Amino acid sequence: MTAEALTSRTVHADALPEDWWRHAVVYQVYPRSFADGNGDGEGDVAGVRARLPYIASLGVQAIWFNPFYPSPLRDGGYDVADYRGVHPDFGTLADVEAMIAEAHDLGIKVLLDVVPNHTSWDHPWFREAMATDPGSDAWSRYHCVRGRGENGSEPPNNWRSVFAGSAWTPIERDGSPTGWWYLNLFDSSQPDLNWEHPEVRAEFEDILRFWFDRGVDGFRIDVAHGLIKAPGYPDYAPEDDHAHELLDPDPLPHWDQPGIHEIYRRWRSIADSYEPKRVLVGEVWVGTEERLAAYLRPDELHVAFNFSHLRAPWDASEQRRIISTSLAANDRVGAPTTWVLENHDTVRAASRYAGVETEIDSESGVPTHLPARVLTQQEKDLGLARARALLLLTLALPGSTYVYQGQELGLDEVIDLPPDVRQDPVWFRSSGAIKGRDGCRVPMPWTNSGVTLGFNASGRSWLPMPAQWAPLSVESQERDPESTLALTRSAVHVRALHDALVMGDLRWRDDLMTAHPDVLAFERVLADGAPVLVALNFGTTPVSINATDLLIASRAVTSTADGWALPANTAAWWIS
Ligand code: ISL
């Protein structure tokens with residue numbers, strides 16, 4: 001299907017059902033890397049506005065925008081200096097307002113990113129604190145704590161930053177240590193806010209309203225599980241020294257503390273006070289599906305990303321276990337599950353599932369999910385086949401699905417970015433031991449020629465673009481009916497045409513999975529209408545599937561005397 005053929009719908013976003021978020025396909029835009037309207041090498045709001053018809057052509061119901069606020073960009077904008085503005089490199093507030101209106105006219109809801117766990121060190125509150133003595137009122141909006149040891153020369157406790165190293169930064173006055181430290185669970189340029197302070201709570205409630213009043217339909221909440229810290233800042237137990245890791249199964253003193261839930265109850269009441277009601281999407285990293293579900297009780301967040309599934313291995317039984325546990329846990333609180341294979345923090349699926357050993361974080365000894373070397377073409381082909389199959393799987397699961405820009409093109413991770421262009425604070429804080437996330441943030445290839453492949457006309461881009469991406473560009477893929485772009489568009493549209501795929505229950509096909517242990521198979525079933533059969537072959541040899549009409553397949557499947565041959569690393573949907 002071409003872009004033009006698919007942009008003809010004219011339903012205004014306000015006409016979507018109130019619970020659109022339960023089943024939505026949401027497209028994630030990383031503004032810095034999407035499209036560059038003014039040629040300065042940074043993507044911008046003008047670039048997004050020009051490409052809104054492309055996004056509409058994918059058939060998605062909403063866009064989530066990563067932060068575009070004023071920021072020194074030490075962490076790609078997750079270090080916010082002004083929550084109510086727009087970074088001049090990205091545009092103006094008027095540009096964003098126009099973009100929201102244009103998206104709505106195309107029937108697309110708009111979600112922004114709110115970053116409540118920390119500000120930038122350029123935020124006026126932090127600057128005010130730095131101009132006063134530690135322990136002052138201004139410091140009480142952050143976590144400013146006396147150090148241990150003689151003269152407070154040691155950090156207050158053993159907490160580690162998610163981005164490597166201690167989670168504490170010494171506070172200096174006139175170039176001398178004060179013996180006080182501030183907490184930064186991420187980069188030193190991202191001081192953690194103290195959510196026990198009433199001004200912090202009031203400020204964020206006001207920020208939500210500021211954007212809701214401008215038509216924003218909801219927020220993705222950054223590090224939503226991190227806002228409350230255990231009183232007294234207790235050390236981790238020694239065995240939890242890997243505790244900066246996300247998805248830790250143990251409760252930790254700086255993640256997932258009980259006091260967090262009252263914050264979201266309050267936010268939910270604000271979101272519910274608007275017409276149409278606004279939506280809250282949590283970035284919640286907790287170790288079990290049950291703990292995740294606690295954030296999704298009816299008076300808290302609407303949805304939260306399922307990171308257990310994002311981290312799932314290429315293995316049919318593990319995939320089944322995670323999908324089942326997630327659906328069951330969310331069902332208990334009446335919440336849908338939200339599937340995500342890629343985002344701006346995660347190694348591209350086409351590289352993650354290429355079957356290549358991964359780098360090990362030298363500090364924690366944990367795999368980073370980043371392939372330890374550049375992939376061969378054969379490995380890339382395998383990774384892409386698997387990424388396409390998993391995309392079909394997630395689009396067929398009950399709930400909503402997020403698609404990260406470039407995922408619809410099957411982009412791979414750029415593993416070999418030169419050290420001097422890397423920007424991720426993880427790279428700097430680990431002294432280059434961990435490459436970090438720049439490789440999944442390389443700008444979008446739009447055309448198959450030019451240094452920046454249509455990202456802009458100037459040929460400058462904040463991260464260099466691989467010339468070998470030309471065949472993956474939108475222009476190339478628009479011409480190829482077998483392309484990943486064509487597959488994504490068709491899958492999203494076929495899903496929308498089959499109520500069973502949107503609203504049906506999931507019924508595992510135990511018969512098929514017993515016969516073929518490497519196959520994941522289920523039906524989506526409604527009270528009336530034919531069920532849709534979904535199968536993904538995680539194995540190495542083709543399997544025979546008995547079904548009638550093929551709806552879509554992640555690559556060619558062949559019909560046989562008794563049904564269909566589903567090749568390895570392939571998924572398909574059928575009317576069963
Ligand atoms: O990417 C990670 C580590 O390298 C993740 O652990 C990531 O830090 C975690 O998902 C939290 O992410 C969010 O908050 C961070 C920001 O850097 C990420 O881009 C954002 O998605 C701090 O604001």
Side-chain angles (χ1 to χ4, degrees), residues 28-33 64-69 71-81 83 111-123 126 159-165 167 183-193 204 219-227 242-248 252 254-256 281-287 292 304-311 338 340-348 352 358-364 366-370 402 404-405 413 422-430 432-441:
Q28 180 190 348
V29 168
Y30 194 76
R32 203 178 181 188
S33 299
W64 152 37
F65 289 97
N66 290 102
F68 47 56
Y69 313 110
S71 160
L73 301 179
R74 303 275 302 209
D75 182 24
Y78 280 95
D79 45 331
V80 181
Y83 289 84
L111 306 174
L112 302 190
D113 208 317
V114 64
V115 189
N117 182 65
H118 42 263
T119 68
S120 162
W121 61 13
D122 281 357
H123 190 281
F126 194 73
W159 294 0
R160 318 283 299 164
S161 156
V162 175
F163 290 168
L183 177 68
N184 54 272
L185 289 175
F186 294 88
D187 190 44
S188 317
S189 62
Q190 296 166 297
D192 278 52
L193 283 164
F204 276 88
F219 276 100
R220 175 264 192 191
I221 305 162
D222 189 58
V223 197
H225 56 299
L227 276 43
H242 58 291
H244 58 296
E245 285 299 312
L246 297 162
L247 290 190
D248 195 295
L252 295 169
H254 53 47
W255 297 144
D256 195 24
V281 182
E283 188 213 20
V284 182
W285 288 88
V286 289
L292 182 64
F305 300 118
N306 187 300
F307 292 123
S308 307
H309 184 255
L310 184 150
R311 292 268 174 100
T338 300
V340 50
L341 289 169
E342 293 189 11
N343 63 30
H344 63 292
D345 291 332
T346 308
V347 177
R348 292 279 190 186
R352 212 167 71 228
T358 55
E359 277 187 353
I360 302 293
D361 172 357
S362 53
E363 195 183 6
S364 63
V366 168
T368 64
H369 307 278
L370 195 68
Y402 280 62
Y404 174 47
Q405 68 179 47
E413 184 84 5
R422 290 200 177 269
Q423 310 235 355
D424 189 344
V426 175
W427 163 262
F428 295 106
R429 290 180 68 94
S430 69
I434 311 175
K435 289 205 184 72
R437 301 160 294 173
D438 295 312
C440 66
R441 298 174 179 177

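Everything numeric here is computed off the predicted structure, so don't read it as measured data. For ligands, and for the atoms within them, numbers begin at 1 and follow the listed sequence.
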### Message
List ligand 1 atoms under 4.0 Å from E283, heavy atoms only on the residue side.
### Response
9 (C), 10 (O), 11 (C), 12 (O), 13 (C), 21 (O)

#### Entry: Q190 side chain reached by T119 side chain, heavy atoms, under 4.5 Å
no

### Message
Rounded to the nearest 0.5 Å, what separates atom CZ in R441 from atom CG in D424?
### Response
5.5 Å

#### Entry: Validation row, ring centre F65 to ring centre Y30 under 6.0 Å
no

### Task
Answer side chain, backbone, both or neither: which part of V162 comes under 4.0 Å from ligand 1, heavy atoms only.
side chain

### Task
Assert yes or no for the condition that the ring centre distance of F307 to W285 is strictly below 6.0 Å.
yes

#### Entry: Any F307 heavy atom less than 4.0 Å to ligand 1
no

### Message
Quick one, H344 with Y78, criterion ring-ring contact (aromatic ring centres under 6.0 Å, His included). Give me CA distance, side-chain angles, the key distance, then yes/no.
### Response
CA-CA 12 Å; H344 63 292; Y78 280 95; 5.3 Å; yes

### Message
Is the contact between R441 and ligand 1 made by the side chain, the backbone, both, or neither, using heavy atoms and a 4.0 Å cut-off?
### Response
side chain

### Task
Could you list the atoms of ligand 1 found under 4.0 angstrom from a heavy atom of F163?
8 (O), 17 (O)

### Query
Taking only heavy atoms of V426, which atoms of ligand 1 are found under 4.0 Å from at least one of them?
4 (O)

### Min heavy-atom dist R220 to ligand 1 below 4.0 Å
yes

### Task
Evaluate the side-chain proximity of P72 to S120: yes if any heavy-atom separation is below 4.5 Å, no if none is.
yes

### Task
Please could you name the atoms of ligand 1 that H118 approaches to less than 4.0 Å, counting only its heavy atoms?
22 (C), 23 (O)

### Task
Going by heavy-atom distance to atom 14 (O) of ligand 1, choose the closest among V347, D222, D345.
D222

#### Entry: Side-chain touch R32/F68, heavy atoms, less than 4.5 angstrom
no

